[in-house]
Amino acid sequence: MPTDASMTETARRSRDAMAPAEPGVISRDAFFALFTAVMLPMFMAAVDQTLLATATPRIARELGGLSGTAWIAVGYLLAATLMAPLYGRLGDRYGRRRLLQVALGLFALGSLACGLAPTLGALVAGRLLQGLGGGGLMVMSQALIGELVPPRDRPRFQGWFAIVFTASSVGGPVIGGVVVNHASWRWLFLVNLPLAAIALWRTQRLPAPPRDHAARRRMDPLGALLFALAAGAALLWFSMVGHGFALRSATSAGLAAAAVVGALLLAAQQRRHPAPFLPLDLVRLPGMAPVCVMVVAFAGTLFGLIFLLPIYLQLVQGRDAASSGLQLLPLTGGIVVGSLVNGRLTARWGVANRLPPFGLGAAGAAVLALALLPGGPALTTALVAVCGLGLGTVMPNAQITTQLLAGRRNLGTASALVSLVRSSGASLGTAAFSGLVFALLPAGALQGRALAAGLSGPAVAKAFHLAFAAVALLAFAGAWAATRVPTLALDHGRDAPETIAGEP
(Lines give C-alpha, C1' and ligand atoms only; values in the text may rest on other atoms or scores of the structure.)
Protein backbone atom coordinates (compact mmCIF):
# COMPACT_ATOMS: atom_id res chain seq x y z
CA MET A 1 0.00 0.00 0.00
CA PRO A 2 1.51 3.39 -0.95
CA THR A 3 2.73 5.60 1.85
CA ASP A 4 2.03 9.32 2.23
CA ALA A 5 5.61 10.02 1.22
CA SER A 6 5.35 7.98 -1.96
CA MET A 7 2.07 9.67 -2.94
CA THR A 8 3.64 13.07 -2.30
CA GLU A 9 6.57 12.14 -4.49
CA THR A 10 4.20 10.93 -7.24
CA ALA A 11 2.32 14.23 -7.14
CA ARG A 12 5.58 16.17 -7.29
CA ARG A 13 6.73 14.19 -10.32
CA SER A 14 3.39 14.80 -12.02
CA ARG A 15 3.73 18.55 -11.51
CA ASP A 16 7.36 18.48 -12.66
CA ALA A 17 6.39 16.60 -15.82
CA MET A 18 3.86 19.29 -16.73
CA ALA A 19 6.10 22.22 -15.84
CA PRO A 20 8.09 23.89 -18.63
CA ALA A 21 11.64 22.62 -18.83
CA GLU A 22 12.84 26.25 -18.92
CA PRO A 23 11.11 29.65 -19.21
CA GLY A 24 9.25 29.88 -22.49
CA VAL A 25 9.81 26.20 -23.42
CA ILE A 26 7.63 23.13 -22.90
CA SER A 27 8.67 19.63 -23.87
CA ARG A 28 6.70 17.66 -26.42
CA ASP A 29 5.98 14.92 -23.87
CA ALA A 30 4.64 17.45 -21.38
CA PHE A 31 2.45 19.01 -24.05
CA PHE A 32 0.92 15.71 -25.13
CA ALA A 33 0.23 14.81 -21.50
CA LEU A 34 -1.86 17.99 -21.34
CA PHE A 35 -3.35 17.44 -24.79
CA THR A 36 -4.64 13.96 -23.99
CA ALA A 37 -6.28 15.31 -20.84
CA VAL A 38 -8.19 18.23 -22.38
CA MET A 39 -8.78 16.83 -25.89
CA LEU A 40 -11.87 14.82 -24.95
CA PRO A 41 -13.68 17.66 -23.09
CA MET A 42 -12.94 19.97 -26.04
CA PHE A 43 -14.22 17.35 -28.46
CA MET A 44 -17.43 16.81 -26.50
CA ALA A 45 -18.09 20.56 -26.18
CA ALA A 46 -17.57 21.22 -29.87
CA VAL A 47 -19.23 18.17 -31.40
CA ASP A 48 -22.48 18.63 -29.46
CA GLN A 49 -22.91 22.12 -30.89
CA THR A 50 -23.42 20.66 -34.36
CA LEU A 51 -24.14 16.97 -33.85
CA LEU A 52 -27.84 17.27 -34.65
CA ALA A 53 -27.54 19.29 -37.88
CA THR A 54 -28.08 16.28 -40.16
CA ALA A 55 -30.40 14.60 -37.65
CA THR A 56 -32.78 17.57 -37.52
CA PRO A 57 -35.23 16.37 -40.21
CA ARG A 58 -35.48 12.93 -38.52
CA ILE A 59 -36.08 14.47 -35.09
CA ALA A 60 -38.67 16.83 -36.59
CA ARG A 61 -40.58 13.93 -38.10
CA GLU A 62 -40.54 12.03 -34.81
CA LEU A 63 -41.13 14.84 -32.30
CA GLY A 64 -42.74 17.74 -34.18
CA GLY A 65 -42.39 20.44 -36.85
CA LEU A 66 -39.11 21.65 -38.30
CA SER A 67 -39.38 25.29 -37.23
CA GLY A 68 -39.03 24.52 -33.52
CA THR A 69 -35.94 22.35 -33.98
CA ALA A 70 -33.64 25.35 -34.32
CA TRP A 71 -33.88 25.62 -30.54
CA ILE A 72 -32.19 22.25 -30.16
CA ALA A 73 -29.02 24.01 -31.28
CA VAL A 74 -29.82 27.50 -29.98
CA GLY A 75 -30.77 26.26 -26.50
CA TYR A 76 -27.42 24.53 -26.07
CA LEU A 77 -25.48 27.51 -27.39
CA LEU A 78 -27.41 30.00 -25.24
CA ALA A 79 -26.78 28.03 -22.05
CA ALA A 80 -23.11 27.58 -22.93
CA THR A 81 -22.82 31.30 -23.67
CA LEU A 82 -24.39 32.23 -20.34
CA MET A 83 -22.11 29.94 -18.35
CA ALA A 84 -18.79 30.75 -20.04
CA PRO A 85 -17.98 33.91 -18.00
CA LEU A 86 -19.05 32.21 -14.76
CA TYR A 87 -16.74 29.28 -15.38
CA GLY A 88 -13.90 31.64 -16.20
CA ARG A 89 -14.18 33.57 -12.94
CA LEU A 90 -14.87 30.47 -10.83
CA GLY A 91 -11.94 28.68 -12.44
CA ASP A 92 -9.59 31.56 -11.61
CA ARG A 93 -10.92 31.45 -8.05
CA TYR A 94 -11.31 27.76 -7.19
CA GLY A 95 -9.06 25.97 -9.66
CA ARG A 96 -9.49 25.30 -13.37
CA ARG A 97 -9.17 21.53 -13.18
CA ARG A 98 -11.89 21.33 -10.52
CA LEU A 99 -14.32 23.47 -12.55
CA LEU A 100 -13.63 21.37 -15.65
CA GLN A 101 -14.73 18.29 -13.72
CA VAL A 102 -17.92 20.04 -12.54
CA ALA A 103 -18.69 20.94 -16.16
CA LEU A 104 -18.19 17.32 -17.24
CA GLY A 105 -20.71 16.17 -14.62
CA LEU A 106 -23.40 18.63 -15.76
CA PHE A 107 -22.75 17.77 -19.38
CA ALA A 108 -23.25 14.06 -18.69
CA LEU A 109 -26.56 14.69 -16.85
CA GLY A 110 -27.83 16.80 -19.75
CA SER A 111 -26.82 14.11 -22.24
CA LEU A 112 -28.81 11.50 -20.31
CA ALA A 113 -31.87 13.80 -20.25
CA CYS A 114 -31.62 14.34 -24.01
CA GLY A 115 -31.25 10.64 -24.74
CA LEU A 116 -34.44 9.86 -22.80
CA ALA A 117 -36.48 12.91 -23.96
CA PRO A 118 -40.05 11.95 -25.01
CA THR A 119 -40.98 15.31 -26.59
CA LEU A 120 -39.32 18.19 -28.42
CA GLY A 121 -39.76 20.41 -25.35
CA ALA A 122 -38.05 17.86 -23.15
CA LEU A 123 -35.22 17.57 -25.66
CA VAL A 124 -34.69 21.34 -25.66
CA ALA A 125 -34.72 21.34 -21.84
CA GLY A 126 -32.12 18.58 -21.84
CA ARG A 127 -30.00 20.58 -24.26
CA LEU A 128 -30.17 23.57 -21.93
CA LEU A 129 -28.86 21.42 -19.06
CA GLN A 130 -26.21 19.98 -21.34
CA GLY A 131 -25.16 23.50 -22.35
CA LEU A 132 -24.73 24.49 -18.68
CA GLY A 133 -21.91 21.97 -18.58
CA GLY A 134 -20.72 22.43 -22.15
CA GLY A 135 -20.03 26.11 -21.51
CA GLY A 136 -17.25 25.15 -19.13
CA LEU A 137 -15.63 22.36 -21.14
CA MET A 138 -14.01 24.62 -23.72
CA VAL A 139 -13.34 27.53 -21.34
CA MET A 140 -11.53 25.45 -18.72
CA SER A 141 -9.64 23.43 -21.34
CA GLN A 142 -8.32 26.59 -22.97
CA ALA A 143 -7.49 28.11 -19.58
CA LEU A 144 -5.47 25.02 -18.63
CA ILE A 145 -3.56 25.33 -21.90
CA GLY A 146 -2.74 28.96 -21.16
CA GLU A 147 -1.75 28.02 -17.62
CA LEU A 148 0.69 25.29 -18.62
CA VAL A 149 1.97 26.29 -22.08
CA PRO A 150 4.16 29.44 -22.36
CA PRO A 151 3.07 32.05 -24.98
CA ARG A 152 6.07 31.46 -27.24
CA ASP A 153 5.21 27.76 -27.52
CA ARG A 154 1.47 28.12 -28.09
CA PRO A 155 1.62 28.55 -31.90
CA ARG A 156 3.56 25.27 -32.15
CA PHE A 157 0.71 23.41 -30.50
CA GLN A 158 -2.34 25.67 -30.93
CA GLY A 159 -3.11 24.10 -34.28
CA TRP A 160 -3.76 20.77 -32.56
CA PHE A 161 -6.41 22.29 -30.33
CA ALA A 162 -7.91 24.23 -33.23
CA ILE A 163 -8.12 20.97 -35.17
CA VAL A 164 -9.95 19.28 -32.29
CA PHE A 165 -12.48 22.12 -32.05
CA THR A 166 -13.13 22.63 -35.74
CA ALA A 167 -12.98 18.97 -36.74
CA SER A 168 -15.41 18.17 -33.92
CA SER A 169 -17.74 21.01 -34.89
CA VAL A 170 -17.80 20.07 -38.55
CA GLY A 171 -17.52 16.33 -37.90
CA GLY A 172 -20.65 16.49 -35.75
CA PRO A 173 -23.03 16.49 -38.73
CA VAL A 174 -21.09 13.63 -40.33
CA ILE A 175 -21.31 11.52 -37.17
CA GLY A 176 -24.95 12.49 -36.74
CA GLY A 177 -25.83 11.50 -40.29
CA VAL A 178 -24.19 8.08 -40.01
CA VAL A 179 -25.83 7.34 -36.65
CA VAL A 180 -29.27 8.49 -37.79
CA ASN A 181 -29.05 6.34 -40.92
CA HIS A 182 -28.16 3.19 -38.96
CA ALA A 183 -29.60 3.70 -35.46
CA SER A 184 -31.68 6.05 -33.32
CA TRP A 185 -30.69 9.69 -32.92
CA ARG A 186 -30.85 9.13 -29.15
CA TRP A 187 -27.48 7.39 -29.28
CA LEU A 188 -25.94 10.73 -30.24
CA PHE A 189 -26.48 11.73 -26.61
CA LEU A 190 -26.15 8.46 -24.73
CA VAL A 191 -22.64 7.88 -26.05
CA ASN A 192 -21.53 10.95 -24.08
CA LEU A 193 -21.88 9.07 -20.78
CA PRO A 194 -18.84 6.77 -21.18
CA LEU A 195 -16.90 9.59 -22.86
CA ALA A 196 -17.53 11.87 -19.87
CA ALA A 197 -16.34 9.13 -17.50
CA ILE A 198 -13.08 8.75 -19.44
CA ALA A 199 -12.61 12.53 -19.51
CA LEU A 200 -13.07 12.74 -15.74
CA TRP A 201 -10.41 10.07 -15.24
CA ARG A 202 -7.94 11.82 -17.54
CA THR A 203 -8.41 15.28 -16.03
CA GLN A 204 -7.98 13.85 -12.53
CA ARG A 205 -4.43 12.94 -13.54
CA LEU A 206 -3.56 16.57 -14.29
CA PRO A 207 -1.65 18.36 -11.53
CA ALA A 208 -3.79 20.65 -9.39
CA PRO A 209 -1.97 24.01 -9.20
CA PRO A 210 -2.30 26.02 -6.00
CA ARG A 211 -5.29 28.36 -5.97
CA ASP A 212 -4.52 32.02 -6.55
CA HIS A 213 -6.31 33.68 -3.64
CA ALA A 214 -5.57 37.08 -5.17
CA ALA A 215 -7.86 36.08 -8.03
CA ARG A 216 -10.90 35.82 -5.74
CA ARG A 217 -13.58 38.15 -7.03
CA ARG A 218 -17.17 38.94 -6.26
CA MET A 219 -19.81 37.24 -8.37
CA ASP A 220 -22.56 38.95 -10.35
CA PRO A 221 -25.77 36.86 -10.45
CA LEU A 222 -27.93 39.83 -11.49
CA GLY A 223 -25.69 40.45 -14.49
CA ALA A 224 -26.04 36.80 -15.49
CA LEU A 225 -29.85 37.02 -15.29
CA LEU A 226 -29.99 40.24 -17.32
CA PHE A 227 -27.69 38.73 -19.92
CA ALA A 228 -29.94 35.65 -20.15
CA LEU A 229 -33.01 37.87 -20.57
CA ALA A 230 -31.49 40.00 -23.31
CA ALA A 231 -29.81 37.14 -25.18
CA GLY A 232 -32.77 34.76 -24.89
CA ALA A 233 -35.28 37.32 -26.12
CA ALA A 234 -33.05 38.38 -29.01
CA LEU A 235 -32.34 34.81 -30.12
CA LEU A 236 -36.01 33.84 -29.88
CA TRP A 237 -36.95 36.86 -32.00
CA PHE A 238 -34.31 36.12 -34.64
CA SER A 239 -35.19 32.42 -34.89
CA MET A 240 -39.01 32.77 -34.95
CA VAL A 241 -39.91 36.11 -36.60
CA GLY A 242 -41.62 35.71 -39.94
CA HIS A 243 -42.75 32.11 -39.43
CA GLY A 244 -43.44 31.62 -35.70
CA PHE A 245 -45.08 35.03 -35.48
CA ALA A 246 -45.51 38.02 -37.78
CA LEU A 247 -42.99 40.86 -37.77
CA ARG A 248 -45.76 43.31 -36.91
CA SER A 249 -47.32 41.46 -33.97
CA ALA A 250 -47.57 41.81 -30.22
CA THR A 251 -45.25 38.82 -29.73
CA SER A 252 -42.61 40.34 -32.00
CA ALA A 253 -42.83 43.71 -30.27
CA GLY A 254 -42.71 42.13 -26.81
CA LEU A 255 -39.61 40.06 -27.55
CA ALA A 256 -37.84 42.98 -29.22
CA ALA A 257 -38.65 45.22 -26.28
CA ALA A 258 -37.43 42.59 -23.79
CA ALA A 259 -34.16 42.26 -25.68
CA VAL A 260 -33.57 46.02 -25.88
CA VAL A 261 -34.59 46.77 -22.28
CA GLY A 262 -32.58 43.82 -21.00
CA ALA A 263 -29.51 44.99 -22.91
CA LEU A 264 -29.85 48.55 -21.60
CA LEU A 265 -30.31 47.40 -18.00
CA LEU A 266 -27.36 45.03 -18.40
CA ALA A 267 -25.11 47.79 -19.74
CA ALA A 268 -26.00 50.11 -16.86
CA GLN A 269 -25.61 47.41 -14.21
CA GLN A 270 -22.31 46.15 -15.60
CA ARG A 271 -20.76 49.62 -15.50
CA ARG A 272 -21.55 49.91 -11.77
CA HIS A 273 -20.63 46.41 -10.58
CA PRO A 274 -17.07 45.98 -9.23
CA ALA A 275 -16.73 42.49 -10.79
CA PRO A 276 -19.20 42.42 -13.70
CA PHE A 277 -20.50 39.24 -15.33
CA LEU A 278 -19.21 40.43 -18.69
CA PRO A 279 -15.40 40.92 -18.71
CA LEU A 280 -15.68 44.60 -19.68
CA ASP A 281 -12.17 45.44 -18.51
CA LEU A 282 -10.80 42.96 -21.01
CA VAL A 283 -12.95 44.31 -23.82
CA ARG A 284 -11.68 47.85 -23.11
CA LEU A 285 -8.06 46.82 -23.66
CA PRO A 286 -6.70 48.26 -26.93
CA GLY A 287 -7.24 45.80 -29.75
CA MET A 288 -9.66 43.52 -27.87
CA ALA A 289 -12.92 44.83 -29.38
CA PRO A 290 -11.97 44.00 -32.99
CA VAL A 291 -10.86 40.54 -31.83
CA CYS A 292 -14.39 40.02 -30.46
CA VAL A 293 -16.01 41.16 -33.71
CA MET A 294 -13.69 38.86 -35.67
CA VAL A 295 -14.65 35.87 -33.51
CA VAL A 296 -18.39 36.64 -33.77
CA ALA A 297 -18.06 36.70 -37.56
CA PHE A 298 -16.05 33.46 -37.56
CA ALA A 299 -18.55 31.61 -35.36
CA GLY A 300 -21.61 32.97 -37.14
CA THR A 301 -20.19 32.01 -40.53
CA LEU A 302 -19.09 28.54 -39.44
CA PHE A 303 -22.24 27.58 -37.56
CA GLY A 304 -24.55 29.22 -40.08
CA LEU A 305 -22.97 27.10 -42.79
CA ILE A 306 -22.99 23.95 -40.64
CA PHE A 307 -26.70 24.38 -39.89
CA LEU A 308 -27.83 25.42 -43.37
CA LEU A 309 -25.81 23.22 -45.71
CA PRO A 310 -26.94 19.73 -44.57
CA ILE A 311 -30.63 20.75 -44.54
CA TYR A 312 -30.21 22.43 -47.94
CA LEU A 313 -28.67 19.30 -49.41
CA GLN A 314 -31.43 17.08 -48.00
CA LEU A 315 -34.44 19.27 -48.82
CA VAL A 316 -33.29 20.82 -52.11
CA GLN A 317 -30.95 18.23 -53.63
CA GLY A 318 -32.64 15.15 -52.16
CA ARG A 319 -29.60 13.66 -50.42
CA ASP A 320 -29.84 11.45 -47.35
CA ALA A 321 -28.55 12.39 -43.91
CA ALA A 322 -25.25 10.52 -44.23
CA SER A 323 -24.23 11.97 -47.61
CA SER A 324 -25.22 15.50 -46.59
CA GLY A 325 -23.03 15.17 -43.52
CA LEU A 326 -20.13 13.87 -45.60
CA GLN A 327 -20.36 16.99 -47.75
CA LEU A 328 -19.02 18.91 -44.73
CA LEU A 329 -15.80 16.88 -44.67
CA PRO A 330 -14.09 19.33 -47.07
CA LEU A 331 -14.89 22.06 -44.54
CA THR A 332 -13.18 20.00 -41.85
CA GLY A 333 -10.19 19.31 -44.05
CA GLY A 334 -9.87 22.96 -44.99
CA ILE A 335 -9.98 24.07 -41.36
CA VAL A 336 -7.37 21.49 -40.38
CA VAL A 337 -5.01 22.61 -43.13
CA GLY A 338 -5.65 26.29 -42.41
CA SER A 339 -4.98 25.80 -38.70
CA LEU A 340 -1.73 23.90 -39.29
CA VAL A 341 -0.44 26.38 -41.85
CA ASN A 342 -1.40 29.27 -39.58
CA GLY A 343 0.42 27.70 -36.62
CA ARG A 344 3.64 27.12 -38.58
CA LEU A 345 3.69 30.58 -40.14
CA THR A 346 2.84 32.31 -36.86
CA ALA A 347 5.66 30.49 -35.08
CA ARG A 348 8.08 31.35 -37.88
CA TRP A 349 7.11 35.02 -37.99
CA GLY A 350 6.95 35.35 -34.18
CA VAL A 351 3.76 37.43 -34.42
CA ALA A 352 0.05 36.67 -34.46
CA ASN A 353 -2.89 37.98 -36.53
CA ARG A 354 -1.41 38.34 -40.00
CA LEU A 355 -3.59 35.73 -41.70
CA PRO A 356 -7.20 36.20 -40.39
CA PRO A 357 -8.12 39.14 -42.71
CA PHE A 358 -7.24 37.02 -45.74
CA GLY A 359 -8.85 33.90 -44.27
CA LEU A 360 -12.20 35.50 -43.52
CA GLY A 361 -12.18 37.27 -46.87
CA ALA A 362 -11.65 33.96 -48.67
CA ALA A 363 -14.40 32.32 -46.61
CA GLY A 364 -16.84 35.12 -47.46
CA ALA A 365 -16.05 34.84 -51.18
CA ALA A 366 -16.57 31.06 -51.10
CA VAL A 367 -19.96 31.27 -49.33
CA LEU A 368 -21.07 34.05 -51.69
CA ALA A 369 -20.21 31.78 -54.61
CA LEU A 370 -22.45 29.10 -53.05
CA ALA A 371 -25.29 31.62 -53.15
CA LEU A 372 -24.71 32.78 -56.73
CA LEU A 373 -23.42 29.79 -58.70
CA PRO A 374 -25.29 26.61 -59.70
CA GLY A 375 -24.55 24.04 -57.02
CA GLY A 376 -23.01 20.85 -58.39
CA PRO A 377 -21.28 18.36 -56.07
CA ALA A 378 -17.74 19.17 -57.30
CA LEU A 379 -18.20 22.94 -57.05
CA THR A 380 -19.85 22.69 -53.62
CA THR A 381 -16.95 20.56 -52.37
CA ALA A 382 -14.35 23.03 -53.64
CA LEU A 383 -16.09 26.09 -52.22
CA VAL A 384 -16.68 24.49 -48.84
CA ALA A 385 -12.99 23.51 -48.69
CA VAL A 386 -11.89 27.09 -49.45
CA CYS A 387 -14.22 28.36 -46.75
CA GLY A 388 -12.71 25.95 -44.23
CA LEU A 389 -9.17 26.89 -45.21
CA GLY A 390 -9.92 30.55 -44.49
CA LEU A 391 -11.77 29.93 -41.24
CA GLY A 392 -8.91 27.79 -39.95
CA THR A 393 -6.74 30.90 -39.55
CA VAL A 394 -9.04 32.71 -37.11
CA MET A 395 -9.43 31.02 -33.73
CA PRO A 396 -5.76 30.22 -32.97
CA ASN A 397 -4.90 33.90 -33.46
CA ALA A 398 -7.90 35.08 -31.44
CA GLN A 399 -7.08 32.81 -28.52
CA ILE A 400 -3.38 33.75 -28.42
CA THR A 401 -4.08 37.48 -28.75
CA THR A 402 -6.66 37.47 -25.97
CA GLN A 403 -4.39 35.61 -23.58
CA LEU A 404 -1.42 37.85 -24.36
CA LEU A 405 -3.43 41.00 -23.76
CA ALA A 406 -5.04 39.68 -20.56
CA GLY A 407 -1.95 38.45 -18.72
CA ARG A 408 -1.36 35.17 -16.89
CA ARG A 409 -3.52 35.83 -13.82
CA ASN A 410 -6.61 36.39 -15.97
CA LEU A 411 -6.26 33.33 -18.22
CA GLY A 412 -9.61 31.91 -17.10
CA THR A 413 -11.42 35.18 -17.72
CA ALA A 414 -9.66 35.63 -21.07
CA SER A 415 -10.61 32.13 -22.21
CA ALA A 416 -14.16 32.77 -21.01
CA LEU A 417 -14.31 35.96 -23.06
CA VAL A 418 -13.32 34.11 -26.24
CA SER A 419 -15.80 31.34 -25.48
CA LEU A 420 -18.55 33.85 -24.68
CA VAL A 421 -18.01 35.74 -27.92
CA ARG A 422 -17.71 32.56 -29.99
CA SER A 423 -20.87 31.07 -28.45
CA SER A 424 -22.73 34.36 -28.96
CA GLY A 425 -21.70 34.43 -32.61
CA ALA A 426 -22.66 30.79 -33.07
CA SER A 427 -26.04 31.32 -31.37
CA LEU A 428 -26.75 34.45 -33.38
CA GLY A 429 -25.69 32.83 -36.65
CA THR A 430 -27.76 29.70 -36.05
CA ALA A 431 -30.84 31.61 -34.93
CA ALA A 432 -30.71 34.42 -37.49
CA PHE A 433 -29.84 32.37 -40.57
CA SER A 434 -32.22 29.52 -39.76
CA GLY A 435 -34.93 32.07 -39.02
CA LEU A 436 -34.28 33.75 -42.36
CA VAL A 437 -34.63 30.47 -44.24
CA PHE A 438 -37.76 29.41 -42.37
CA ALA A 439 -39.36 32.83 -42.96
CA LEU A 440 -38.72 32.53 -46.70
CA LEU A 441 -39.92 28.93 -47.11
CA PRO A 442 -43.48 28.25 -48.35
CA ALA A 443 -46.16 28.76 -45.71
CA GLY A 444 -47.20 25.58 -43.91
CA ALA A 445 -44.29 23.54 -45.22
CA LEU A 446 -42.58 23.45 -41.82
CA GLN A 447 -45.30 21.74 -39.82
CA GLY A 448 -46.09 18.12 -39.17
CA ARG A 449 -44.26 14.88 -39.55
CA ALA A 450 -44.60 14.92 -43.34
CA LEU A 451 -42.66 18.18 -43.42
CA ALA A 452 -40.57 17.22 -46.45
CA ALA A 453 -43.64 17.21 -48.68
CA GLY A 454 -43.68 20.28 -50.86
CA LEU A 455 -40.20 21.40 -49.87
CA SER A 456 -38.76 21.60 -53.35
CA GLY A 457 -38.54 23.96 -56.26
CA PRO A 458 -37.04 27.37 -56.99
CA ALA A 459 -38.63 29.11 -54.00
CA VAL A 460 -36.91 26.77 -51.54
CA ALA A 461 -33.55 27.05 -53.31
CA LYS A 462 -33.87 30.84 -53.36
CA ALA A 463 -34.47 30.92 -49.59
CA PHE A 464 -31.24 29.07 -48.93
CA HIS A 465 -29.28 31.11 -51.47
CA LEU A 466 -30.35 34.35 -49.78
CA ALA A 467 -29.28 32.93 -46.43
CA PHE A 468 -25.87 31.95 -47.86
CA ALA A 469 -25.46 35.52 -49.13
CA ALA A 470 -26.19 36.83 -45.63
CA VAL A 471 -23.56 34.47 -44.21
CA ALA A 472 -21.05 35.82 -46.74
CA LEU A 473 -21.73 39.41 -45.66
CA LEU A 474 -21.01 38.45 -42.05
CA ALA A 475 -17.68 36.88 -43.08
CA PHE A 476 -16.69 40.03 -44.98
CA ALA A 477 -17.50 42.12 -41.89
CA GLY A 478 -15.24 39.85 -39.89
CA ALA A 479 -12.44 40.27 -42.43
CA TRP A 480 -12.65 44.04 -42.01
CA ALA A 481 -12.57 43.71 -38.21
CA ALA A 482 -9.53 41.42 -38.48
CA THR A 483 -7.60 44.23 -40.16
CA ARG A 484 -8.09 46.27 -36.96
CA VAL A 485 -6.62 43.59 -34.66
CA PRO A 486 -3.07 44.46 -33.52
CA THR A 487 -0.22 42.28 -34.74
CA LEU A 488 1.37 41.18 -31.47
CA ALA A 489 4.79 39.65 -30.91
CA LEU A 490 4.52 36.29 -29.20
CA ASP A 491 6.74 37.55 -26.38
CA HIS A 492 4.19 40.28 -25.61
CA GLY A 493 2.66 38.19 -22.81
CA ARG A 494 5.84 38.40 -20.70
CA ASP A 495 5.32 42.13 -20.31
CA ALA A 496 1.52 42.02 -20.01
CA PRO A 497 0.01 43.32 -16.77
CA GLU A 498 -0.63 40.64 -14.16
CA THR A 499 -4.13 41.96 -13.45
CA ILE A 500 -6.87 43.73 -15.33
CA ALA A 501 -7.58 47.30 -14.27
CA GLY A 502 -10.11 47.54 -11.51
CA GLU A 503 -9.51 44.02 -10.16
CA PRO A 504 -7.23 42.97 -7.28
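Just so you know, residue 1 is the first one in the sequence shown, and it goes up from there.
Note that the CG atom of Leu222 and the CZ atom of Arg272 stand 9.0 Å from one another [nearest 0.5 Å]. Interatomic distance, Ile335 CD1 to Asn342 CG, rounded to the nearest 0.5 Å: 12.5 Å. Between atom CZ of residue Phe43 and atom CG of residue Leu40 there is a gap of 7.5 Å, rounded to the nearest 0.5 Å. Distance check: Leu226 CG to Leu264 CG gives 11.0 Å after rounding to the nearest 0.5 Å.
Counting only heavy atoms from C-beta outward, the side chains of Leu308 and Val471 approach each other to under 4.5 Å. With a 4.5 Å cut-off on side-chain heavy atoms, Phe189 and Leu123 count as touching. Taking 4.5 Å as the limit, some side-chain heavy atom of Arg422 sits within range of a side-chain heavy atom of Met395. Counting only heavy atoms from C-beta outward, the side chains of Gln204 and Arg97 approach each other to under 4.5 Å. Looking at Ile306 and Leu331, their side chains come closer than 4.5 Å, going by heavy atoms from C-beta outward. For the pair Leu417/Met288, a side-chain contact is recorded, criterion being any heavy-atom separation below 4.5 Å from C-beta on. The side-chain heavy atoms of Leu305 and Thr301, taken from C-beta on, include no pair separated by under 4.5 Å. You'll find the side chain of Trp185 stays beyond 4.5 Å of the side chain of Val179, heavy atoms only.
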> Given the rule in the side-chain contact (heavy atoms from CB on, under 4.5 Å) test, do Leu360 and Phe476 qualify, once you have shown the distances and angles that lead to the verdict?
Replying inline: CA-CA 7 Å; Leu360 281 166; Phe476 288 136; over 6 Å; no

> Yes or no on side-chain contact (heavy atoms from CB on, under 4.5 Å) for Thr203 and Leu104, after CA distance, side-chain angles and deciding distance?
Replying inline: CA-CA 10 Å; Thr203 55; Leu104 282 167; 4.3 Å; yes

> For Val291 and Val418, what are the C-alpha separation, side-chain angles and deciding distance, and is it a side-chain contact (heavy atoms from CB on, under 4.5 Å)?
Replying inline: CA-CA 9 Å; Val291 172; Val418 175; 5.8 Å; no

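Ser141 approaches Leu100 most closely through the heavy-atom pair OG-CD1, 4.1 Å. For the residue pair Gly126 and Ala113, the shortest heavy atom distance occurs at CA-CB, 4.1 Å. When every heavy atom of Ala398 is checked against every heavy atom of Met294, the shortest pair comes out as CB-CE, 3.9 Å. Across all non-hydrogen atoms, the minimal contact from Val367 to Cys387 is CG2-SG, 3.8 Å. Residue Ser424 comes nearest to Phe227 through the heavy atom pair OG-CZ, 4.4 Å, listed as atom of the first residue, atom of the second, then distance. Shortest non-hydrogen contact noted between Leu355 and Thr393 is O-OG1, 3.8 Å.
Judged by distance alone, with hydrogens and angles left aside, the side-chain atoms of Arg202 form no donor-acceptor pair with the main-chain N or O of Met39 at under 3.5 Å. Under a 3.5 Å cut-off, the side chain of Thr119 and the backbone N or O of Ala122 do form a donor-acceptor pair.
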Under 3.5 Å, side-chain donor or acceptor atoms of residues 129-139 against the rest of the protein: list the pairs with distances, not counting sequence neighbours.
| unit_1 | atom_1 | unit_2 | atom_2 | d |
| --- | --- | --- | --- | --- |
| Gln130 | OE1 | Arg127 | NH1 | 2.8 |
| Gln130 | NE2 | Asp48 | OD2 | 2.9 |
| Gln130 | NE2 | Ser111 | OG | 2.8 |

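Applying the ring-ring contact (aromatic ring centres under 6.0 Å, His included) criterion to Phe433, with sequence neighbours excluded, gives no partner residue.
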